[in-house]
Amino acid sequence: LKLTIDVDGESYLLECRPNGGEWEFTLSDAANSSGGASISEVMPGVFSVLLGARSFTVYVGPRAGSSGDDLEVWAGSQRHVVSVADSRDRSAKSANTSNAGPLEVRAQMPGRVVKLLVDLDAEVEAGQGLIVVEAMKMQNELKAARNGRVSKIHVTEGAAVAAGESLIVVE
Amino acid sequence: LNGRGTYHSQLDEGRLFHKILVANRGEIAVRVIRALREMRIASVAVFSEADRGALHVQMADEAICIGPPDSSQSYLAGDRIIEVARTAGAEAIHPGYGFLSENAGFAKTCGEAGIKFIGPSWQAIGQMGSKTAARRLAIQAGAPVVPGTEQGIADYGQACNIAAQLGYPVLLKASAGGGGKGMRRVDKESELQAAMRGAAGEAERAFGSGEIYLEKLIERPRHIEVQVLGDEHGRLIHLGERECSIQRRHQKVVEECPSPLVLAQPELREKIGEAALRIARAVNYANAGTLEFLADERGAFYFLEMNTRLQVEHPVTEWVTGVDLVRWQIRVAAGEPLTLRQQDIRWNGSAIECRIYAEDPENNFFPSPGRISHYVEPAGPGVRVDGGVYPGWTVPIEYDPLLAKLSVWGETRALGIERMRRAVQEYRVLGVTTNLGLFARLMADERWQKGDLHTGFLDDFMSRSAPVEPDSVALVASVLAAAQTAPQRRPAAIESDNGISQWRAEGRRGLLR
């Protein structure tokens, strides 16, 4: 079994095979970790992981404020954002997130559009503010992740928006 | 009395009231319901349509929906709440904090409806409701206040003269304000006019009144407050101070008792406690209340304002004094005399509280509502959690994002900090971003441990604190656990294993071998 795993933006290759009740694994991290691990799902989404003598309780859940496949993983008091893909799916996935295609700016949480900072067809630069959304009495300015042109505006000022709803598209 | 007959008996506390309505939500509603259950008083929760599944609804004996999610039509709808209290047969209303707790009109209407408002008199709420009026009262009572104007400022010319007299830097504040809104620091005269416009505009929008006033700015101030408790027969005591200097956007995040400043200058507690009592006596204060002060390094202190209600951070006082403040609120509201005398109050050890918010400290403390997927509270010696959430609960966007208050007690401040560090490590909240990681780093901070605090401490800490060095073995454990959840992707395997995780399928094959 081979998996490509992204942890906090870094990509790792995990190879593992079952060995009795345990797992033999190799991970392409800085230390090229390898060895045996005992993994037990003690509650749905909660894993007891024994690595040598060290014991970790690892919590796995969907990532806060994300509508995608990202996972939020806690081991001890350490938090990671993780996504897991079979290494074969890798090429298709990375093509999707590359810089070439349209970039959708989505609402991080339910709220209300306070102000549109750009017009349709405007050229924008990376870091430029696009839209101000208010949620829980706080205003948040969403910015362009890269240079491009505003190709779609899906909302108007004052509109209520749901979490994950597409607001603006930059191409 | 309200026509239902005698409801207070000093012999049997459980018969003070038979039923009390809790006009609040979240952790404070849960806190009050717990006290009511211990006192064998039936509890009535009220809730908005957004809170049908909320913890306080589940915990109460009775629960009644009072309106739509918008709090102006639910938790702030005083007349509706009084009507519900009547229908349910509740003899009293506990307002918690926020919402209607400091609304003199609501307290008055409760009284007229024959329902006891658990708090001070509506007159005392009204007198303390305006910061400028409270300040005049404090001066008359002989308590120190920050040098500044007593009335709202009429115009720019007047402001110039006053600021020059006080000496820069000065602080502009909103008369009706709170939470840092309508507040501006002014370092020199050339900045004054623009700052006045900004502060007045912000105050107008936030509070409906653009009245502002001027104060001398105290550099590196500590926020220290005093808990008072009084009955309706004239006895009033103080329960010592709380230090609440760890704030973000002028809102408290960490509170403790004793204040590190009192640990260094023990005589300060009695001095500031006496000042607090003088002010509270001036309005014949009854029930629980808090007087807020600014203090500087030398131990000089100045009265700021009074909160005429139970405070969010009351647990640290309860830890150190052993006094159950909510229980006493209910007892004195029923007319019972306060049997605690000032000399009975002892302060034992040190308590710290962290407010666990659904917010992201790395993104300017922006709120992060959502569904809580995993939730595990810490436990063990000296740990208390006042929570209002549970796993599976979706934190609504309509209200304050406070999830819970984690408080600990230790024999000393240093031991309290170690215990808080341990408790924060045990706490798990997934699905919403919280500020737990911030507390883990703060507890390890040397300046925090030394108690060298001021209200700008947290901003300064955020800019200098480096992320913790990650544990590479924990990363491996995370990867292995996350891989367990990898969805089935190979078509052949999907057919044979019905979408069971590829890992589990391989594991099963491994065991069969």
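Values in this document were obtained by computation on a predicted structure and should not be read as measured data. Proteins get letters first, then strands, A, B, ... in listed order; numbering begins at 1 in each.
- Taken to the nearest 0.5 Å, the CZ atom of B:Arg421 stands 9.5 Å off from the OG atom of A:Ser77.
- Separation of atoms CD (B:Gln484) and OG (A:Ser40) is listed at 9.0 Å; rounding is to 0.5 Å.
- Partner of B:Thr485 under the side-chain contact (heavy atoms from CB on, under 4.5 Å) criterion, chosen from A:Val73, A:Val82, A:Leu71: A:Leu71.
- In this structure, chain A has no heavy atom under 4.5 Å from any part of B:Val424.
- In terms of non-hydrogen atom pairs under 4.5 Å with chain A, the most contact-rich of B:Gly370, B:Ala474, B:Ser472 is B:Ala474.
- The distance from atom CD of A:Glu72 to atom OG1 of B:Thr433, rounded to the nearest 0.5 Å, is 6.0 Å.
- Proximity of a side-chain donor or acceptor of B:His374 to a complementary backbone N or O of A:Val46 within less than 3.5 Å is not detected.
- Contact of A:Gln78 with chain B is made through the side chain alone, with heavy-atom distances under 4.5 Å.
- Considering only residues two or more places apart in sequence or on other chains, B:Tyr357 meets the ring-ring contact (aromatic ring centres under 6.0 Å, His included) condition with none of them.
- The line from CG of B:Leu475 to NE2 of A:His80 is 4.5 Å long, rounded to the nearest 0.5 Å.
- When all heavy atoms of B:Ser478 and A:Ala75 are compared, the pair lying nearest together is OG-CB, 3.4 Å.
- For a residue to count as touching a neighbouring chain, one of its non-hydrogen atoms must lie under 4.5 Å from one of that chain's; by this rule A:Tyr59 touches chain B with backbone and side chain alike.
- In this structure, A:Val49 and B:Ala481 approach most closely via the heavy-atom pair CG2-CB, 4.2 Å.
- In this structure, B:Val476 and A:Phe25 have side chains that are in contact, with non-hydrogen atoms separated by less than 4.5 Å.
- Listed in order of number, the residues of residues 116-124 of chain A that approach chain B to under 4.5 Å between heavy atoms amount to none.
- If you tally non-hydrogen atom pairs under 4.5 Å between each of B:Asp471, B:Leu436, B:Asp360 and chain A, the highest count goes to B:Asp471.
- Of all heavy-atom pairs spanning B:Ala483 and A:Ile5, the tightest one is CB-CD1, 4.0 Å.
- Among the candidates A:Gly45, A:Ala37, A:Ser33, the residue making the largest number of heavy-atom pairs closer than 4.5 Å to chain B is A:Gly45.
- A donor-acceptor distance shorter than 3.5 angstrom exists from the side chain of B:Arg428 to the backbone of A:Gly76, with no hydrogens or angles considered.
- Using a 4.5 Å cut-off on side-chain heavy atoms (C-beta onward), B:Leu480 and A:Leu51 make contact.
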